[in-house]
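In listed order, ligands and their atoms are each counted from 1. On a predicted model such as this, the values are computed, not experimentally measured, just so you know.
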Amino acid sequence: AGAVTIQDVSKTFHVENRTVHALDDVSLAIASGEFISIVGPSGCGKSTLLRFLAGLDRPDGGRITVDGEVVDRPSLKRGIVFQDHRLLPWLNVEENVALSLRSLAGAPSAKKERVQSLIDLVGLTGFEKAFPHELSGGMSQRAAIARGLAPRPPLLLLDEPLGALDSLTRSYLQDELLAIREREKSTVVMVTHDVEEAIYLSDRVVVMEPRPGRIAATFDIISRRP
Ligand code: ADP
Ligand code: ADP
């Protein structure tokens, strides 16, 4: 599950009297279980593409499907994690992680167990009752990753999830992302500015170029991690 097809996707923004070709005929197929990173300079359309994958916005032309279903709105089948975590400040860690499970069927005890296992997985055991303002940046990002994973989305979308963190926390969380991916078996699409991070984490790196936003090259990462 979590197989993605992106077919001839285009997007033009009109800002005052300027036209910006944010995406120009972008096509990409992502296999179930693949970890893809999208890199490229600012303005090449990475965030726009990720928003389309999440169903937060729609292309002018072309089509995106996940497991054969056209993406045209947000869904719990596509978890998204933003650079600025976006935890709800009036909810504690446990409540933030549980948020997306509210509307899903299932026994409350099973949901509770799922929430606790994710909190453990991201290394926040003991911080269940902590509020976002009591957490460091790295801890907040971990909570956001747990929240994104809670409904078991076949597709996990990461928009610079580690971009705002110091380099030590970042490299620690990179290894956590690998472990999480191993355990959850979801397809992952990550936008990052960090080429090294992309190479370290991904099966395939997609390089985009701006004006117009296009795929310039894709690289299979053959050498496996130590
Ligand atoms: P990236 O994430 O690679 O930095 P974006 O997807 O944010 O790129 O943006 C691609 C291009 O589209 C940029 O030129 C950006 O200014 C423009 N753009 C993105 N979103 C909007 C918007 N809502 N309105 C106008 N222009 C936008
Ligand atoms: P990132 O740091 O992920 O590249 P951006 O700064 O490019 O993010 O964009 C952040 C948000 O602002 C996105 O939702 C994007 O659509 C919007 N945006 C980007 N450029 C513009 C713009 N020129 N005008 C209006 N909105 C924009």
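Distances from atom 2 (O) of ligand 1 to the heavy atoms of Ser47, Gly213, Gly40 put Ser47 nearest. Distances from atom 4 (O) of ligand 1 to the heavy atoms of Pro212, Ala22, Pro41, Gly43 put Gly43 nearest.
Using a 4.0 angstrom heavy-atom cutoff, Gly45 counts as in contact with ligand 1.
Listed by atom number, the atoms of ligand 1 under 4.0 Å from Ser42 heavy atoms are 4 (O). Atoms of ligand 1 found under 4.0 Å from any heavy atom of Lys46 (numbered from 1 in listed order, with element): 1 (P), 2 (O), 3 (O), 4 (O), 6 (O), 8 (O).
Checked against a 3.5 angstrom limit, the closest N/O atoms of Cys44 and ligand 1 fall inside it.
Taking 4.0 Å as the cut-off between side-chain N and carboxylate O, Lys46 and Glu160 do not count as a salt-bridged pair. Salt bridge status for Glu94 with Lys111: absent, with no side-chain N to carboxylate O gap under 4.0 Å.
A donor-acceptor pair is defined here as one N or O able to donate and one able to accept, closer than 3.5 Å; no such pair exists between the side chain of Arg211 and the backbone of Cys44.
Under 4.0 Å from ligand 1, the heavy atoms of Val15 that appear belong solely to its side chain.
Considering Arg204, Arg181, Lys185 in turn, Arg204 is the only one that fulfils the salt bridge (charged side-chain N to carboxylate O under 4.0 Å, His left out) rule with Glu34.
Looking at Gln83 and Gln141, their side chains never bring a donor and an acceptor atom within 3.5 Å of each other.
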